[in-house]
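Just so you know, ligand 1 is whichever comes first in the structure, and atom 1 is the first atom listed for that ligand. Quantities reported herein were computed from a predicted structural model and do not represent experimental measurements.
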Amino acid sequence: MKQLQLFYKEERRFFFSLFLLMLVQSFGTLLLPYFLAKIIDEGILKVDTTAIWHNGWWMFAIAIGTVIVSVGGSYLSAHLSGKFGHFLRMRLFKKTQELSVSAVDGYGTPTLLARTTSDINNIQQILMMALQMILPAPMIVAASIFLTGTVSLRMIWVPIVAILCFSLIAYGVIRKAIPLSQITQKLVDKMMRILRETFTGARVIRAFDKAAYEKARTDQTLTEYAKTMIQVNRLFAVLNPTVNLVMGLSISTILVYGGYQSLQGHLAIGSITAIIEYTILSLWFLTMAAMVIVMVPKGLTSLQRIEEVLEEPIDLIDGDQTLNKTAESETIAAFNQVQFTYEGAEEPVLEDISFEIHRGKTTAIVGGTGSGKSTIAKALLRFKDVTAGSITLFDRNIKEISQAELRDQISYVPQKALLLSGTIQETLRFGNRPATHEAMAKAAEVAQAKSFIEGLPEGYESPVAQKGSNFSGGQKQRLSIARALTKPAEIYFFDDSFSALDYQTDANLRRALKEYTKHAAVIIVAQRVSTVKNADQIIVLDNGKMVGKGTHEELLRNCQTYQEFASSQGMGGMKDE
Ligand SMILES: Nc1ncnc2c1ncn2[C@@H]1O[C@H](COP(=O)(O)OP(=O)(O)OP(=O)(O)O)[C@@H](O)[C@H]1O
């Protein structure tokens, strides 16, 4: 509710105007039965045409005025709910940018997508309905009872009893429907997760011939959701006949008891019509309010899910120091006895890792799968803080500078080449918007991507589909490398980025890279000995620990893990070099 309060504070004027409009609308709605009664009592019964015309014109003017006011009310409700949706979306987006990658990963993509889309849509719709349906209901009910009392105190109990009966039944329905509507929200999350996996994993599912299994899994979730929705709708099915029953009983009671009162001379005939109208209006507004009240917990659950993310403490605080770098600084970054543990994990993934990277030098990182190679990049980019030790950049702890400044110094090629949709030139300029065409073409040339890009009919203007699905694995890797090279940086980090390249392209790329990155430090995570053997230093990881550091020759002499790694690729001895 905190977000709603904040929004209310920002938009107080609009909320107040809406309240006034609703008040006028309710007043206008209730004036119609009042004039109707006058037409009957003063016009029809007294055969006074002037009274009929006079009151008729009033009714007409009030009806038109009420319509105009209610259009204004609808406009304001739509405006406020739309704005609240925007308010939440912007805050949620900003927050997901501020949280660490680990914290965002902790939530997972499906639930964040659901929160940003369906949850906010729910809130928007429910807020709009609440403003239009719930807000006027108490005004109409209170005014109806009051107006009935002014017409006839003897009749006041009829609408009160009718409203109480209906409210009791509606309360019972709402109590049962609220937990069900909360369940549907959780089921929406589950559906999103399964459908997302089904759509994104379509190739794997078909290749493994698992379409039937996936269909069963999806069917089960969809059926679960449908069953809950049917239960909710069944409950609501009770509400309509109930309101009809209460309305029918009230009208007959008003007619019978009101008729009796009229014969006794205590009540005018037109007043009976007015009381019927007041009661019908009250019940109608209460029915509408009840329908919306059931949705309110669903909206509140959605709001809670948004607030959960918004109130998540920011786990990475920016430092306020600036980097003290000079073109002469030789040591660009250093890992000092770094320990790194993922959220919720019992054991650290990296332990006691210490090494330095130098300008103009290449550092290679090798190790078996899961040994912690990619985690080195995550720690350096500060996607999550190290749990012990420190990482320094130009002798400054990376926690002391802003994340933006840190990441400005690093150009990173992730293990999985992830391309965003756009054109090739937009992709390459992703980290350096003002890059000239020459700079971009040079980066593409070093990445061994220039000839295939220029061979495309539209060249650098060729479209890149979502996730780069219109390119082969090797082409995607080269585009991803060219994107990193277009960005000027102090450190270029290639996380197993050469694996989809053939040996010749790999060799050409490394040769071109040496010249291109001579002003910077290069880190290459790789699985091939041929890729790393010329590196200035090689870090060997085994199960998160650094078991070797040195050149290819040194490691072949004194690191057993490296010897095994090299010999598994037919390069076990010095003679193989
Ligand atoms: N987000 C995460 N949460 C929890 N554990 C993780 C996470 N990411 C990686 N790990 C674990 O950390 C360990 C090291 O992972 P990392 O990706 O750094 O290995 P790697 O050496 O790069 O492996 P590969 O060569 O297979 O890419 C693995 O055991 C992995 O399960």
Side-chain angles (χ1 to χ4, degrees), residues 96 99-112 193 196-197 200 204 309 312 315-316 333 335 337-355 357 362-389 391 398 403 410 412-418 473-474 476-477 480-481 484 491-501 506 522-533 535 537-549 555 559-562 564-566 568-569:
T96 49
L99 286 173
S100 71
V101 177
S102 303
V104 172
D105 282 351
Y107 279 98
T109 316
T111 178
L112 283 178
R193 200 183 67 240
R196 189 171 187 275
E197 271 177 16
T200 52
V204 178
V309 182
E312 174 94 33
D315 47 348
L316 293 180
F335 277 59
Q337 296 172 313
V338 164
Q339 185 196 64
F340 187 99
T341 311
Y342 281 108
E343 213 64 59
E346 283 173 12
E347 297 284 313
V349 168
L350 294 178
E351 199 142 23
D352 200 18
I353 304 290
S354 299
F355 65 92
I357 57 170
T362 300
T363 300
I365 302 175
V366 298
T369 53
S371 56
K373 303 182 296 293
S374 300
T375 306
I376 299 254
K378 291 179 192 166
L380 178 62
L381 283 156
R382 208 178 164 213
F383 287 165
K384 185 186 177 308
D385 274 333
V386 298
T387 31
I391 301 174
I398 57 171
Q403 292 166 69
I410 306 169
Y412 170 58
V413 186
Q415 192 169 17
K416 201 170 148 202
L418 180 79
K476 272 192 280 193
Q477 264 197 346
S480 167
I481 295 168
I491 303 171
Y492 287 92
F493 199 121
F494 300 90
D495 187 357
D496 206 1
S497 326
F498 306 152
S499 58
L501 309 180
D506 180 359
V522 174
I523 304 180
I524 297 178
V525 170
Q527 302 284 359
R528 291 184 196 153
V529 182
S530 60
T531 310
V532 301
K533 67 182 252 224
Q537 68 170 342
I538 302 170
I539 311 289
V540 187
L541 291 184
D542 186 17
N543 207 11
K545 299 195 176 62
M546 203 169 86
V547 292
K549 180 163 74 171
L555 290 169
C559 176
Q560 195 192 344
T561 311
Y562 190 77
E564 286 164 10
F565 167 73
S568 69
Q569 296 181 34

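Heavy-atom contacts of Lys378 reach the following atoms of ligand 1: 8 (N) (cutoff under 4.0 Å). Under a 4.0 Å criterion applied to the non-hydrogen atoms of Ser371, ligand 1 contributes the atoms 19 (O), 21 (O). Atoms of ligand 1 found under 4.0 Å from any heavy atom of Gln527 (numbered from 1 in listed order, with element): 25 (O). Listed by atom number, the atoms of ligand 1 under 4.0 Å from Gly368 heavy atoms are 21 (O). Each of the atoms 18 (O), 19 (O), 20 (P), 21 (O), 22 (O), 23 (O), 24 (P), 25 (O) of ligand 1 lies under 4.0 Å from some heavy atom of Lys373.
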Between Phe335 and Ile376, is the side chain to side chain contact (heavy atoms under 4.5 Å, CB included) condition met? List the steps. CA-CA 9 Å; Phe335 277 59; Ile376 299 254; 3.7 Å; yes

Stepwise side chain to side chain donor-acceptor pair (under 3.5 Å) test for Thr96 and Tyr107: CA-CA 10 Å; Thr96 49; Tyr107 279 98; over 6 Å; no

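We find the CG-OG distance between Leu418 and Ser480 to be 8.5 Å, quoted to the nearest 0.5 Å. In this structure, CG in Leu316 is found 9.5 Å from CD1 in Ile398, a value given to the nearest 0.5 Å. Atoms OG1 and CG, from Thr561 and Leu555 in turn, are 9.5 Å apart once rounded to the nearest 0.5 Å.
For the pair Thr369 and ligand 1, the shortest N or O to N or O distance does not fall below 3.5 Å. For ligand 1, none of its N or O atoms has an N or O atom of Asp105 under 3.5 Å away.
Side-chain N or O atoms of Ser371 include none that pairs as donor or acceptor with a backbone N or O of Gly544 at under 3.5 Å.
Contact of the Lys384 side chain with the Lys378 side chain is not registered, since no non-hydrogen atoms from C-beta on lie closer than 4.5 Å.
Between Tyr562 and Phe565, the ring planes lie tilted relative to each other; the angle falls in the 30° to 60° range.
Annotation: atom 17 (O) of ligand 1 to nearest protein heavy atom, Ser374 CB, 3.7 Å. Taking atom 11 (C) of ligand 1 as the reference point, the nearest protein heavy-atom neighbour is Tyr342 CE1, 3.9 Å. With hydrogens left out, the protein atom closest to atom 27 (O) of ligand 1 is Gln415 NE2, 2.8 Å, a heavy atom. Ranking protein heavy atoms by distance to atom 29 (O) of ligand 1, first place goes to Gly370 O, 3.9 Å.
Note on Asp495 versus Lys373: no salt bridge recorded, every NZ/NE/NH1/NH2 to OD/OE distance being 4.0 Å or above.
Residue Thr375 holds the heavy atom nearest to atom 16 (P) of ligand 1 of all those in Thr375, Ile365, Val366. For the residues Val349, Leu350, Thr341, Asp496, the heavy atom positioned nearest atom 12 (O) of ligand 1 is part of Val349.
For Gln337, the CD atom sits in a loose shell: 12 or fewer heavy atoms of surrounding residues, nucleotides or ligands are nearer than 6.0 Å.
Protein heavy atoms are absent from the space less than 4.0 angstrom from atom 31 (O) of ligand 1.
At least one heavy atom of Gly372 sits closer than 4.0 Å to an atom of ligand 1.
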